[in-house]
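For the single chain, residues carry numbers from 1 onward in sequence order.
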Amino acid sequence: VQLQASGGGLVQREGSLRLSCIASGSIFSISTMGWFRQAPGKQRELAASITSGGSTNYADSVKGRFTISRDNAKNTVYLQMNSLKPEDTAVYYCNADGRDFRNMVISQTWWGQGTQVTVSS
């Protein structure tokens, strides 16, 4: 299973970006999908996550500015980021918890390659 993230870039303060992440391969099922981020010199942290039923969870620092959504039929998760701040600058990684057809019993966590988001002041 592969996750391909896209949509990062350079944006000015208060600007917007939309990240996308498509999961592909021998996917049997996906439960939670999410976006993590890692700023230089800091640990990777959860930005937002969404279950297959649509329940969402956000880090306090992004609440009210970021919106996570997903298209289950397309195995795709999105992150709409508005009112961006310089402190949102980080590499954003998508991930997914799920099962593949080779082993439908064990739940795995898959990661995308990361996409850089840079917010200038």
Mind checking whether [X] and [Y] sit in one hydrophobic cluster, side chains of I, L, V, M, F, W, Y counted as touching below 4.5 Å?
X: Leu19; Y: Ile22; answer: no
X: Tyr92; Y: Trp110; answer: yes
X: Val77; Y: Tyr58; answer: yes

Pair Thr118, Gln116: side-chain N/O donor-acceptor within cut-off below 3.5 Å
yes
Least distance between heavy atoms, [X] atom then [Y] atom:
X: Arg70; Y: Ser31; answer: NH1-O, 2.5 Å
X: Arg99; Y: Asn103; answer: CB-O, 4.2 Å
X: Gln80; Y: Ser16; answer: NE2-CB, 4.0 Å
X: Trp35; Y: Ile68; answer: CD1-CD1, 3.8 Å
X: Leu3; Y: Gln113; answer: O-OE1, 3.6 Å
X: Gly7; Y: Leu17; answer: O-CD2, 3.9 Å

To the nearest 0.5 Å, how far apart are [atom1] in [X] and [atom2] in [Y]?
X: Met104; Y: Ile106; atom1: CE; atom2: CD1; result: 12.0 Å
X: Ile27; Y: Gln2; atom1: CD1; atom2: CD; result: 8.0 Å
X: Asp97; Y: Thr109; atom1: CG; atom2: OG1; result: 4.0 Å
X: Gln4; Y: Thr115; atom1: CD; atom2: OG1; result: 9.0 Å
X: Leu79; Y: Met33; atom1: CG; atom2: CE; result: 12.0 Å

May I ask you to check whether over 12 heavy atoms, not counting those of Glu14, lie within 6.0 Å of atom CD?
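Atom CD in Glu14 is crowded, with more than 12 foreign heavy atoms closer than 6.0 Å.
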How would you list, by chain and number, every residue that makes a side-chain hydrogen bond (donor to acceptor under 3.5 Å, both in side chains) with Ser55, sequence neighbours excluded?
none
Are Asn57 and Leu46 close enough, and set up right, to give a side chain to side chain contact (heavy atoms under 4.5 Å, CB included), and what steps lead you there?
CA-CA 9 Å; Asn57 181 44; Leu46 175 70; 3.5 Å; yes
Here's a test for you: under side-chain contact (heavy atoms from CB on, under 4.5 Å), which of Cys21, Ser20, Cys94 qualifies with Tyr78?
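Going through the options one by one, the only one that passes is Ser20.
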So if I apply the side-chain contact (heavy atoms from CB on, under 4.5 Å) rule between Arg37 and each of Val91, Val117, Val62, which one comes out positive?
Val62
One thing to verify: whether Asp88 and Lys85 come together as a salt bridge, which I'm taking to mean a side-chain N less than 4.0 angstrom from a carboxylate O.
no
Tell me whether Asn95 contacts the main-chain N or O of Phe36 through its side chain, where contact means a donor paired with an acceptor under 3.5 Å.
no
Could you tell me whether the side chain of Thr89 and the main chain of Val119 form a donor-acceptor pair under 3.5 Å?
yes
